[in-house]
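Accompanying notes for the structure given below.
Heavy-atom basis, side chains included; hydrogens, waters and symmetry copies ignored. We number each residue from 1, following the sequence as shown.
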Amino acid sequence: SLRNDVGTMYGTYIEVQNELVAAINELRDELAMEKFNKTFNELDSDRQDAIKEVYPQKISEAEPKRVGGK
């Protein structure tokens with residue numbers, strides 16, 4: 001779950017989201033290489049689905065929060 005401060009700059013918000021997606025993609029690639037000796041993108045759809053079950057991309061966004069009582 002991702003929660004930001006109401007004052008978070010949009011660019012920072014996008015950077016954090018991109019890092020989360022990159023981390024998931026890295027985990028998927030590592031598992032694909034371990035199990036099938038291929039990158040995630042090289043796998044057929046059935047094998048990609050199997051990897052996605054282990055590492056789903058479910059990033060939820062909570063309502064922004066005010067930090068510091070401002």
Checklist entry - Hey, what do you get for CD (Q17) to CG (N4), rounding to the nearest 0.5 Å? => result 9.5 Å
Checklist entry - Taking atom CZ of F40 and atom NZ of K52, what is their separation to the nearest 0.5 Å? => result 4.5 Å
Next on the checklist: Less than 4.5 Å apart, side chain to side chain, heavy atoms only: is that true for Q48 and I51?
Outcome noted: no
Checklist entry - Roughly how far, to the nearest 0.5 Å, is CE of M9 from CD of E15? => result 9.0 Å
Item to check | Atom pair CG (L31) and CG (L43), whose distance is rounded to the nearest 0.5 Å | outcome: 9.0 Å
Next on the checklist: Measuring from atom CG of L2 to atom CD1 of I59, what distance do you get when rounded to the nearest 0.5 angstrom?
Outcome noted: 7.5 Å
Checklist outcome for this item: Interatomic distance, CD@E30 vs CD@E26, rounded to 0.5 Å, equals 5.0 Å
Next on the checklist: Looking at Y55, I'd like to know if the NZ or CZ of R28 sits under 6.0 Å from its six-membered ring centre while staying within 45 degrees of the ring's axis.
Outcome noted: no
Next on the checklist: Given 3.5 Å as the limit, does a donor-acceptor pair link the side chain of D29 with the main chain of T39, or not?
Outcome noted: no
Item to check | Passing option when Y10 is tested against T8, T12, I14 for side-chain contact (heavy atoms from CB on, under 4.5 Å) | outcome: I14
Checklist entry - Should V54 and L27 count as side-chain neighbours, where that means a heavy-atom distance under 4.5 Å? => result no
Item to check | Cluster check V16, Y13: I/L/V/M/F/W/Y, side chain < 4.5 angstrom | outcome: yes
Next on the checklist: Donor-acceptor check, side chain of E53 to backbone of A50, threshold 3.5 angstrom: yes or no?
Outcome noted: no
